[in-house]
Structure formats: structure tokens, C-alpha cells
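Here the structure comes first, spelled out in C-alpha cells, and everything after it is commentary.
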Amino acid sequence: MDRDASEPRVVVGVDGSPSSYEALRWAVRYAALVGGTVHAVAVWELPGLYGWSAPAVDMDVDEEETRERMRKELTDVLGTDAADSVRSHVVHGNAADVLLRAAEGAEVLVVGGRGRGGFAAALLGSVSHHVSQHASCPVVIVRAEKK
């Protein structure tokens, strides 16, 4: 990810969950206050890739299609004008590790309080918890509004 030192970078993890959408909105508002740029990071990792068994999924991920879906998601959540100001990144790897690397030198890292985790998060640990313990910058954890 580009590291332009002239303006603060606000890095936000986006995983399609309601709390990540709230984190994205928060990041855009904060970036406007500090004159920064928002870098939305979506991380993909194939289930089972590092486990003892072979993955039971198609190994071919169309990255261009994934980028297009992310652009649509940003527009749906933020509206066209705000989405156009966000720099989006789709990265393969472990979510916590990718976000920590992306946040090096950033003003702040913003993540949702509860993502798509469920049972897998209980086994592997929470991304928000991990980055809050290991980030080199401040971390903001945003929860989705209760309905």
C-alpha cells in the first residue's frame, strides 16, 4: 500500500459485516476531520489453506471481480462521492497480519467489533482483539448499531 507521508492515512478493515460498514463510515468521517485519506482493506484467505486437509474450495479467485465487488460495496455503504475518495485494497493473507502491515505508519487503524467470525473466530481469535494488542498506531473498534 502506498505510504504518502503528506497526509494522514486512515486504514479500515472491511469484511462485509455490519460492524465493518460502521467502521468504514467512522473512518471516512475521521479522515475528513484530519485531512487524511482512507485506505479500505479487504482480506481474503481460502479456508483450510493452512490446515491439515486440502481446501474444499476453488483455488481460483478472480481478483478483478473481487475488486469490483468491493467498489460496489463501498458505493452502497458510503454513496458515490465518498466511495470515490476511498482507496481500496484487496489483499490475500491472514486478516490480522495484513491489517497490521497496512497500518504501519498510519494515523489510525479502524476495525469492526464483530466481523464475520462466528465459530471460526472463537477458534482462531478475534481480528479486532489481535490488532488492538499489536498495532503500531492507535486502533478504533467500532460496533454495529443494535437494531
Dump the intermediate steps for side chain to side chain contact (heavy atoms under 4.5 Å, CB included) on V140 and W26, then the final yes or no.
-> CA-CA 9 Å; V140 174; W26 191 96; 3.6 Å; yes
Are the side chains of L33 and R29 in touch, meaning some heavy atoms are under 4.5 Å apart?
-> no
Close side-chain approach of E64 and R67, heavy atoms under 4.5 Å | yes
Under-4.0 Å salt bridge between R71 and E68 = no
If every non-hydrogen atom of [X] is compared with every non-hydrogen atom of [Y], which pair is closest and at what distance?
X	Y	value
A27	V38	O-CG2, 3.6 Å
V127	A95	CG2-CB, 3.9 Å
C137	A106	CB-O, 3.4 Å
A103	S136	O-OG, 4.2 Å
S128	I141	O-CD1, 3.9 Å
R9	A102	NH1-O, 2.9 Å

Aromatic plane relationship, H92 with W44 - under 30° parallel, 30 to 60° tilted, over 60° perpendicular | tilted
Look at the aromatic rings of H130 and H134 and report parallel, tilted or perpendicular, splitting at 30° and 60°.
-> tilted
Trace of the salt bridge (charged side-chain N to carboxylate O under 4.0 Å, His left out) decision for R101 with D97 | CA-CA 6 Å; R101 279 194 311 274; D97 292 340; 5.3 Å; no
Supply the atom-to-atom distance [X] [atom1] to [Y] [atom2], rounded to the nearest 0.5 angstrom.
X	Y	atom1	atom2	answer
Q133	L100	CD	CG	11.0 Å
T80	L74	OG1	CG	11.0 Å
L24	D15	CG	CG	11.0 Å
E107	E7	CD	CD	11.5 Å
T75	D84	OG1	CG	6.5 Å

